[in-house]
Amino acid sequence: MSEQIQESAGEEPERIPVMQQVLDNPFLLLFLGIVFPTVLYILWGVMEIASVPVAR
Amino acid sequence: MMTTTYRTCPRTGLQFDTQAESLMRFNAVAAVLSMVMGGLTAVLVALTRWPAIKLLPADQFYQVLTLHGVNMLLFWIIFFEIAVLYFCSSTLLRCRLATPRIAWLGFALMVIGAITTNVAIFQGGSTVMFTAYVPMMAQPHFYLGLILFAVGALLGCFIFLGTLVVAKNERTYEGSIPLVTFGALTACIIAIFTIASGAIILIPTFLWSVGYIKEIDAQMYRLVFWAMGHSSQQINVAAHVSVWYAVAAIAFGAKPLSEKVSRSAFLLYILFLQLASAHHLLADPGVSSEWKVLNTSYFMYFAVLASMIHGFTVPGAIEAAQREKGYTHGLFEWLRKAPWGNPVFSGTFISLVGFGFLGGISGVVLGAEQLNLLMHNTYYVPGHFHATVVIGTTLAFMALTYFLIPALFKRELILPGVAKFQPYIFGLSMYVMTLVMMGAGTLGVSRRHWDMAFAGAPFQYEWPGAAYLMMGIAGLAGVVAVVGGVLWVLLVVGSLLFGKKLEEGEFSARPTILRMPVASSLSAHGGAVSHHVPGTMVLGSVLLVAFVLYYFVNWKYLSEVWPMA
Ligand code: HEM
Ligand SMILES: [Cu+2]
């Protein structure tokens, strides 16, 4: 019934690829996931709207 | 700190932190109740837009439509998603839930918020639709309820992140977090951006409604509102894609074709999905074409690519697992011999195919700036998003519930014979409804419009008969879909109340390492053994061909709008 996990027995410490390190870091991902839309969508958009001349 | 115990489910081997378990149950029940509200109002909306019936008068129609949008899109889905977040963190990582007290506080805020907003809409002074565009003003407690709900949901997101930290510190998993949990993390990240945007726009709007702020700029409101309004749909996408992977693992023991590829696709979601919010402003004058096109086309296509990857790897994973079991005949034996009578699977598969063919294709077409002009604010738009958020998200969540009833609620499903058909009734009628809604929209029928005939208007518009026909079919299919929804609610509530009580399983003071098939395939690592998935290749190619054809048909159609000759 119980499937034992059979890893890590005799493994030597392997080098973790950079991409995997990124994917394994939730807070870095959170940072990226907030910065991208904030800059490209919100800030850029707000700048465009703010620069529309006001009618007199 | 509250001490907790752990229950190991004897049917699945999943291990539930007792606190997390009751939180999941309460959130799921709140979700079902919201669905009841949303479903009741869905009938009224569908029957009013059915031209031959036109049930409600105009003012009630818009009030009911507000209730429908808010309860379905926000409350039903987000309550359920919080349950999914707790499941994917505490249960799949086999660890205690971080700060359960705060999780309860979050739940309480969400409940109070949801009730407050519903009361505000019922009182009648807040018939502003879920978008609540300024300068339309709702009652202050309409906004206040939404803000409380959002704060509660934000607490849930932080608890998810906190639980990841707990699991890492207490080393309850090896290597990376499981793929399903990674998908939930994606949803959580998008949710945090979503809720922050919501706060930026709803708090000032609330202050405006009580008179502290003079004016909210309508264009700014639309910009920031859609950072919330659209991104919240992307929480759904990330969440239901995770549910697809979960069901592939639960029902087939399937492993993704390549974990690396699936994770990278989720990363594309994190980076690019939310930029698509700009498609709601494609007809707005205040923002430039550069901003529109870069966000909705160039960047958004990375996210579309990610969806296509998921749409390919989920059935691919199922095909690989089935072929391994010996269903290797021809292209589609693996699919024919799939458990079509099991609503966990059938619901998921109907969700996946409908999301791709109906929601996905129409979304890309609608998101292209030029083509958008053909369909902007027509009935095409709700047609499109009922294909994403109802067929994609809602149906996937319904399917998962059939698994959660024994695993989480410890009850046997009542009336399994009815449950077998429920995903077909709900899903297929939604296929029909979304198709004809998009058809009517292509002919120009407006969304959020009480009377497409413009009775009594000085200038009349002659609709082609097909427009009325499709609106009628949409109404009919909508009613059938509601019947499918009612069946689901009855099955769920009935099972919780009257289903045979199942064995609870063992309780222990600390997490165990014992793993049984479902639990272990949900948190396993590594890709499928074989990548030989010709059936999925064919399905994927059909999707691409359908997309290309439909895309060009729309360009042709656009070219005919302003005849040159
Ligand atoms: C159960 C069957 C359902 C039916 C028959 C149904 C029917 C409809 C119809 C006909 C409209 C369009 C009204 C109009 O634009 O004039 C509508 C709008 C909408 N529906 Fe549904 N719906 C259903 C389920 C859902 C679900 C499950 C969700 C979300 C998860 C949802 C979310 C929405 C939203 C957000 C709107 C837009 C409201 C607005 O324009 O303010 N619906 N629905
Ligand atoms: Cu959108």
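All chains are named by letter (A, B, ...) in the order of the sequence lines, taking the proteins before the strands, and each is independently numbered beginning at 1.
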With chain A, the option among Tyr269(B), Phe193(B), Phe272(B), Phe299(B) that has the most non-hydrogen atom pairs under 4.5 Å is Phe193(B)
Review point. Looking at side-chain heavy atoms only, is the closest gap between Met19(A) and Leu267(B) below 4.5 Å?
Key: yes
Turns out that what part of Leu281(B) lies under 4.5 Å from chain A's heavy atoms comes down to side chain
Minimal heavy-atom distance between Gln274(B) and Pro37(A), with the atoms involved, is OE1-CG, 3.5 Å
Okay, Leu294(B) and chain A: the region with an atom under 4.5 Å from a heavy atom over there is side chain
Turns out that what part of Glu259(B) lies under 4.5 Å from chain A's heavy atoms comes down to neither
One should read off an interatomic distance between Thr186(B) OG1 and Leu30(A) CG, to the nearest 0.5 angstrom, of 11.5 Å
Turns out that what part of Leu164(B) lies under 4.5 Å from chain A's heavy atoms comes down to side chain
Bottom line for Phe266(B): the part with an atom under 4.5 Å from chain A's heavy atoms is neither
| message | Around atom OH of Tyr133(B), are there more than 12 heavy atoms from other residues, nucleotides or ligands closer than 6.0 Å? | response | yes
The reported gap from CD1 in Ile49(A) to CG in Asp217(B) (rounded to nearest 0.5 angstrom) is 7.0 Å
- Item | Check against side chain to side chain contact (heavy atoms under 4.5 Å, CB included), Ser176(B) and Leu23(A) | CA-CA 8 Å; Ser176(B) 310; Leu23(A) 292 176; over 6 Å; no
Yes or no on side chain to side chain contact (heavy atoms under 4.5 Å, CB included) for Phe36(A) and Ile270(B), after CA distance, side-chain angles and deciding distance? CA-CA 9 Å; Phe36(A) 263 65; Ile270(B) 294 176; over 6 Å; no
Ala227(B) and Ile42(A) have their tightest heavy-atom pair at CB-CD1, 3.9 Å
So the salt bridge (charged side-chain N to carboxylate O under 4.0 Å, His left out) pairs with at least one residue in residues 223-238 of chain B (sequence neighbours excluded) are none
Is a donor on one side and an acceptor on the other found under 3.5 Å between the side chain of Tyr41(A) and the backbone of Ala276(B)?
no
One should read off an interatomic distance between Leu185(B) CG and Leu29(A) CG, to the nearest 0.5 angstrom, of 6.0 Å
d(Glu48(A) CD, Asp284(B) CG) to nearest 0.5 Å is 12.0 Å
Ranked by heavy-atom pairs below 4.5 Å to chain A, first place among Leu223(B), Ile177(B), Val287(B) goes to Leu223(B)
So, the part of Val46(A) with a heavy atom under 4.5 Å from chain B: the answer is both
Here the gap from Leu40(A) atom CG to Trp291(B) atom CH2, rounded to the nearest 0.5 Å, amounts to 10.5 Å
Whatever's closer than 4.5 Å to a heavy atom in chain B on Ser51(A) counts as neither
The interface call for Ser231(B) against chain A, heavy-atom contacts under 4.5 Å, is neither
Evaluate side chain to side chain contact (heavy atoms under 4.5 Å, CB included) for Val165(B) paired with Phe27(A), printing each intermediate quantity in order.
CA-CA 10 Å; Val165(B) 174; Phe27(A) 293 97; 3.7 Å; yes
Taken to the nearest 0.5 Å, the spacing of Trp44(A) CH2 from Asn295(B) CG works out to 6.0 Å
